[in-house]
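A short write-up of the structure that comes next.
Note that this is a predicted model, so its numbers are computed, not measured. Because only heavy atoms are used, hydrogens play no part in the values below, and waters and symmetry mates are left out as well, while side chains stay in.
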Amino acid sequence: MQKKQNKKQGERLIALLPYLIAFASGILMGLTVAPVGAWFLAWIAIVPLWVLVVTSAKGKNQFPPAFLWGVGFHGVALFWITGIHPMTWLGVPWLPSLAITLFCWGFISVLGGVFLTIWAAVMVRLGGKKPWLRILIGTAVWCGLESLWSAGPLWWSSLAYTQSPHNLVIVHLGQLSGPNTVTAAIVAINGLIAEGWMNRTEAERISSVSSAPLRFVNKYWVIATGLLITLHFIGFFLYSRPIAQPPEAALKVGIVQGNIPNRLLRSSEGFRRAQENYTNGYLTLADQGVDAVLTPEGALPIFQRNLLGTALVAAVKEKGVVAWIGAFGERGDSYTISLFTFNSKGEIVSRYDKSKLVPLGEYIPFEGILGGLIQRLSPLDAHQVPGLANQIFDTPFGRAIASICYESAFPEQFRRQAAAGGQFILSSSNDAHYTASMPFQHHAQDIMRAIESDRWSARATNTGYSAFVDPHGRTLWMSGYNTYETHAEIIYRRQTQTLYVRWGDWLTPLLLGLSVLGWFLQRVIN
């Protein structure tokens, strides 16, 4: 009897093993980003999933492993979402706050699992028995799904950002066709390694009848190694190009990191501290001879009509130094999260409205259904609306590429503005409601956007991490976390256009087209 029980337990464990392996490898991929930052795992973390999906293609078990892999990756990478709890500072009680937090984290993790399930289904259904076709289709479909996901409101954890900021050489492939270039490289190399593992018996058979130098040669692993080296050489070539720094294009920008906890922002004490910190920071930087000062998202949590009466704007009129001030814009009965340009006379000359809002945090999806249950989580009573999709942001120093908080995850926002003449990046964010891993991931996103657009970037946040980044993604300076800081750096206006800025993501349609052609040829030949 005991032997039978042990046998059954062993069989259950064996049956569960594929799911455990898939989930564990997804977790490994999640460890590539902050706070762990084990970026090198990205080049092997898909291999177990690929093997499981392909080897179980004849059965019905390829989908749960893919789903678990997606949940593992996105769940670990986006664990920082849980930092929004507790939301008592927004008037949400502790238990509902916990429920909302778990819902947000669980929903995005499950969504990641759904996308991986679709990927597995398409790859095994169309890839057939041809390894080269599986690799092509697997790479193309993954890129296509990431493009589809990033076109919606819920997007953050691309495979590409697993390499930022540690592997800047490979991130430079983003200059060719955006972040999907890096994603394609990661998926293709993982696929080659996986196919090499599954076809190792054939490789051993061939090597057994070959000369000694060819023994143990696996063509898939050789191709994977060659491709990995070649892609890094291309990235290194792009990374090594000198950056022109003509004096006439120089712009000395200062940032103020006000360090005002969100729980205080709604109070009179919080607003007093915001006025004091940002005004003093502005005056300090103005005395250092900066050309302009950048403040974070919602630095002054008041409406546009009240900005002119603040001490900060009075300081702008006194010192005559341009300021970009984060506050709330107005649009009828609604409001926007905005970045305002104040010229040397203290006049508003341009405004950029945040167009990518944080679901649940800044608006309620399906509000007619969920609004009564969740209620509005915004600190203001008015209704928040997104900015227009085609905005440009002109400043006294030329056109800028503007980004507010969550928009850093959407490369098309930056590409469009760079193509429209944006010469430098101004990234304004809050990030104060999360743990330190989130703003570090946010910084990694901004690094990718700087590289893809070939632009200098100034990033101002409320509590950290504020930073300056050059067009090669090198961080010139980064603030501490939960600290009050001011800092100034010289950045340069640029008018170059990378292949990605000119043509957008041309690689994904090309891969998808080649996949359709390959599938058609396979059908014809067979």
### Check against side chain to side chain contact (heavy atoms under 4.5 Å, CB included), F468 and I255
CA-CA 9 Å; F468 288 91; I255 65 99; 3.7 Å; yes
Got a second to check how far [X]'s [atom1] is from [Y]'s [atom2], nearest 0.5 Å?
{"X": "Y434", "Y": "L78", "atom1": "OH", "atom2": "CG", "result": "10.5 Å"}
{"X": "R416", "Y": "S453", "atom1": "CZ", "atom2": "OG", "result": "13.0 Å"}
{"X": "T295", "Y": "Y278", "atom1": "OG1", "atom2": "OH", "result": "6.5 Å"}
{"X": "S25", "Y": "L49", "atom1": "OG", "atom2": "CG", "result": "6.0 Å"}
{"X": "I27", "Y": "L68", "atom1": "CD1", "atom2": "CG", "result": "10.0 Å"}
{"X": "T32", "Y": "W39", "atom1": "OG1", "atom2": "CH2", "result": "11.0 Å"}

Could you tell me whether the side chain of [Y] reaches within less than 4.5 Å of the side chain of [X], counting heavy atoms only?
{"X": "V253", "Y": "V293", "answer": "no"}
{"X": "R493", "Y": "W456", "answer": "no"}
{"X": "F236", "Y": "I170", "answer": "no"}
{"X": "Y406", "Y": "L357", "answer": "no"}
{"X": "Y161", "Y": "Q441", "answer": "yes"}
{"X": "E485", "Y": "S466", "answer": "no"}
{"X": "R474", "Y": "I243", "answer": "yes"}
{"X": "T341", "Y": "V322", "answer": "yes"}

[X] side chain to [Y] main-chain N or O, any donor-acceptor pair under 3.5 Å?
{"X": "R459", "Y": "Y465", "value": "yes"}
{"X": "Q417", "Y": "A402", "value": "yes"}
{"X": "T162", "Y": "V33", "value": "no"}
{"X": "N462", "Y": "N430", "value": "no"}
{"X": "T508", "Y": "D505", "value": "no"}
{"X": "D353", "Y": "G387", "value": "no"}
{"X": "R415", "Y": "V501", "value": "yes"}
{"X": "S177", "Y": "L507", "value": "yes"}
{"X": "Q423", "Y": "Y492", "value": "no"}
{"X": "T336", "Y": "S338", "value": "no"}

### Query
How far apart are the closest heavy atoms of A160 and P179, and which atoms are they?
CB-O, 3.3 Å
### Task
Please report the shortest heavy-atom distance between L426 and L294, naming the atom on each side.
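Smallest interatomic distance, heavy atoms only, reads CD2-CD2, 4.2 Å.
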Ring centroid separation for [X] and [Y], is it under 6.0 angstrom?
{"X": "W156", "Y": "W149", "result": "no"}
{"X": "W105", "Y": "F79", "result": "yes"}
{"X": "H74", "Y": "W69", "result": "no"}

### Task
May I have all residue pairs that pass side-chain hydrogen bond (donor to acceptor under 3.5 Å, both in side chains) and include part of residues 42-53, sequence neighbours excluded?
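Qualifying pairs, neighbours excluded: W43-Q163, W50-E195.
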With no hydrogens and no angle check, do the side chains of [X] and [Y] hold a donor and an acceptor under 3.5 Å apart?
{"X": "Q175", "Y": "Y500", "answer": "no"}
{"X": "H442", "Y": "S427", "answer": "no"}
{"X": "N180", "Y": "S147", "answer": "yes"}
{"X": "S428", "Y": "E297", "answer": "no"}
{"X": "N167", "Y": "H232", "answer": "yes"}
{"X": "H443", "Y": "Q445", "answer": "no"}
{"X": "E407", "Y": "Y352", "answer": "yes"}
{"X": "T498", "Y": "D454", "answer": "no"}
{"X": "Q413", "Y": "S355", "answer": "yes"}

### Test log, rule side chain to side chain contact (heavy atoms under 4.5 Å, CB included), inputs Q304 and R351
CA-CA 10 Å; Q304 175 181 347; R351 162 181 161 183; 3.0 Å; yes
### Task
Using the six-membered ring of F410, assess whether NZ or CZ of K356 lies under 6.0 Å from its centre and within 45 degrees of the ring axis.
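That pair qualifies as a cation-pi contact.
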### Query
Think R399 forms a cation-pi with F424, using NZ or CZ under 6.0 Å from the six-ring centre and within 45 degrees of its axis?
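Not flagged: R399 not positioned over aromatic ring of F424.
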#### Entry: Residue Y481 excluded, over 12 heavy atoms near OH under 6.0 Å
yes
### Message
For H172 and Y239, take the angle between the two ring planes, folded into 0 to 90°, and tell me which bin it lands in: parallel under 30, tilted 30 to 60, perpendicular over 60.
### Response
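Rings of H172 and Y239: perpendicular, over 60°.
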